[in-house]
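Here is the structure we will look at.
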Amino acid sequence: MKFLRRLLLALLFIYLLPALASAGWWYVKERPGSWREADWSSANILPSPGGDKAAAIYVFSATTGGMKGAIASHSWIVTKGQGDTTYNRYDKVGWGSPIRRNGYPADARWYSNTPHVVVNINGEEAARLIPKIEKAIQSYPYSKPGAYRIWPGPNSNTFVAHVLRSVPELGAVLPPDAVGRDYLPEGKLFAIDGDGLDMHATLYGLLGISAGMRSGLEVHVMGLVAGIDIMRPAVKIPALGRFGV
């Protein structure tokens, strides 16, 4: 019984309190009342695609809308091939075309929230990786209409996390508030990244653990992530994000 009490207190302190604090701040924050009132325009983060002939890859993340924005974000992938004059953006959404291509400007705000860059690769390395990214996008198993569930997944973050695991050369994991990133496709309970440097174990995105060079050490509880990053020193706090280098 003493162990169970300590476990419950730990869960309360590590997971619930940050989520409640974030929800309280989000409740009083000024934000759009609906998607119709939100700003979906470019945040002017990306350079003009025609101004640089080099290939480029970006992964973006932005806080989402409604009260779920208190603990969750939305992520997407942007690519530009060598010599191309336009960007291609890929999102997994719960309406319309499941994998939406260029549904929004490449660096658009999401529900009025300015996105941040999770990873950026340019030049020859980007040109080499873009075909791998496109192959990973094509292999995503939840690409048909109706294959979307906001929690615990598969959702937009499940899609991007699938690509990041499939192309480990991108060298990144999604932020802790990317709820759904830890839901492994096709009901898998265990997965190892293609280069063998990260492993993931999960009970359908509800309880799990990730460990490795990119993930550090993470423990997932009901879609919330807590952990530490050793290679790029940081702590990961549920609902609040990553704090460190």
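This chain uses plain numbering: 1 for the first residue, then up along the sequence.
- Residues Val78 and Ile57 fail the side-chain proximity criterion, which asks for heavy atoms closer than 4.5 Å.
- A salt bridge (Lys or Arg N to Asp or Glu O under 4.0 Å) check over residues 195-208, counting only residues at least two apart or in different chains, returns the pairs Asp195-Arg214.
- For Tyr15, the side chain to side chain contact (heavy atoms under 4.5 Å, CB included) partners two or more places apart in sequence, or in a different chain, are Leu11, Val219, Val221, Leu224, Ala226, Pro238.
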### Task
Given side-chain hydrogen bond (donor to acceptor under 3.5 Å, both in side chains), test Asn113 with His74 step by step and report yes or no.
CA-CA 10 Å; Asn113 299 304; His74 169 79; over 6 Å; no

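- If you check the side chains of Asn44 and Asp107, you find no donor sitting under 3.5 Å from an acceptor.
- Separation of atoms CZ (Arg89) and CZ (Arg101) is listed at 13.5 Å; rounding is to 0.5 Å.
- Using a 4.5 Å cut-off on side-chain heavy atoms (C-beta onward), Thr114 and Thr63 make no contact.
- The heavy-atom pair separating Ile130 from Ala56 by the smallest distance is CD1-O, 4.0 Å.
- Atom CG in Leu17 sits 11.5 Å away from atom CD1 in Ile237 (nearest 0.5 Å).
- The two residues Ala172 and Val118 have their closest heavy-atom pair at CB-CG1, 4.3 Å.
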### Task
Carefully, step by step, assess Arg100 and Tyr90 under the rule side-chain contact (heavy atoms from CB on, under 4.5 Å).
CA-CA 6 Å; Arg100 180 164 294 189; Tyr90 300 92; over 6 Å; no

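- Judged by distance alone, the side chain of Asp229 and the main-chain N or O of Gly216 form no donor-acceptor pair under 3.5 Å.
- Atoms CD1 and OG1, on Ile71 and Thr64 in that order, are 11.0 Å from each other to the nearest 0.5 Å.
- Among residues two or more places apart in sequence or in another chain, the ring-ring contact (aromatic ring centres under 6.0 Å, His included) test is passed with Trp40 by Tyr104, Trp110, Tyr111.
- Taking OG of Ser215 as the reference point, atom CZ of Arg181 lies at 6.5 Å (rounded to 0.5 Å).
- Minimum interatomic distance between Ser166 and Ala136 (heavy atoms only, all atoms of both residues): CB-CB, 3.7 Å.
- No side-chain donor-acceptor contact under 3.5 Å links Asp84 to the backbone of Thr86.
- Asp182 places none of its side-chain heavy atoms less than 4.5 Å from the side chain of Leu184.
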### Task
Evaluate the side-chain hydrogen bond (donor to acceptor under 3.5 Å, both in side chains) criterion for residues His200 and Asp193: first the C-alpha distance (whole Å), next the side-chain angles of each, then the deciding distance (0.1 Å), finally the verdict.
CA-CA 8 Å; His200 314 271; Asp193 289 1; 3.0 Å; yes

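- Applying the side chain to side chain contact (heavy atoms under 4.5 Å, CB included) rule to Phe190 yields the partners Ile192, Met199, Ala201; only residues at least two apart in sequence or on another chain are considered.
- Counting heavy atoms from C-beta on, the side chains of Pro105 and Tyr87 never come closer than 4.5 Å.
- Between the side chain of Trp76 and the backbone N or O of Ala106, at least one donor-acceptor pair lies under 3.5 Å.
- Side chains of Trp151 and Leu206 form a contact here, defined as non-hydrogen atoms less than 4.5 Å apart.
- Side chains of Arg232 and Arg242 form a contact here, defined as non-hydrogen atoms less than 4.5 Å apart.
- Shortest non-hydrogen contact noted between Ala23 and Ala70 is CA-CB, 3.6 Å.
- One distance of note links CD1 of Ile45 with OH of Tyr58; it measures 10.0 Å at 0.5 Å rounding.
- With His116 contributing its side chain and Ser61 its backbone, the two residues share a donor-acceptor pair below 3.5 Å.
- Side chains of Asn155 and Arg149: a donor-acceptor N/O pair is absent below 3.5 angstrom, by distance only.
- Considering NZ of Lys135 and CG of Leu129, their distance stands at 13.5 Å, rounded to 0.5 Å.
- By the 4.5 Å heavy-atom criterion applied to side chains, Glu125 and Glu169 are counted as neighbours.
- Contact detail for Ala239 and Ala19: the closest heavy-atom pair is CB-CA, 3.8 Å.
- Applying the ring pair (Phe, Tyr, Trp, His ring centres under 6.0 Å) definition to pairs two or more places apart or across chains, those involving residues 121-146 are Tyr140-Tyr142, Tyr140-Phe159, Tyr140-His162.
- Across all their heavy atoms, Pro185 and Arg165 have their closest contact at CD-NH2, 3.5 Å.
- Within the structure, salt bridge (Lys or Arg N to Asp or Glu O under 4.0 Å) pairs that include any residue of residues 23-42 comprise Asp39-Arg109 (at least two apart or interchain).
- By the rule that hydrophobic residues join a cluster once side-chain heavy atoms approach within less than 4.5 Å of another member, Ile99 and Val59 end up as members of one cluster.
- In this structure, the side chains of Ile77 and Ile133 come closer than 4.5 Å at one or more pairs of heavy atoms.
- A donor-acceptor pair under 3.5 Å is absent between the side-chain atoms of Lys132 and the main chain of Pro168, judged by distance alone.
- Between the side chains of Ser75 and Asn157, a donor-acceptor pair is found at a separation under 3.5 Å.
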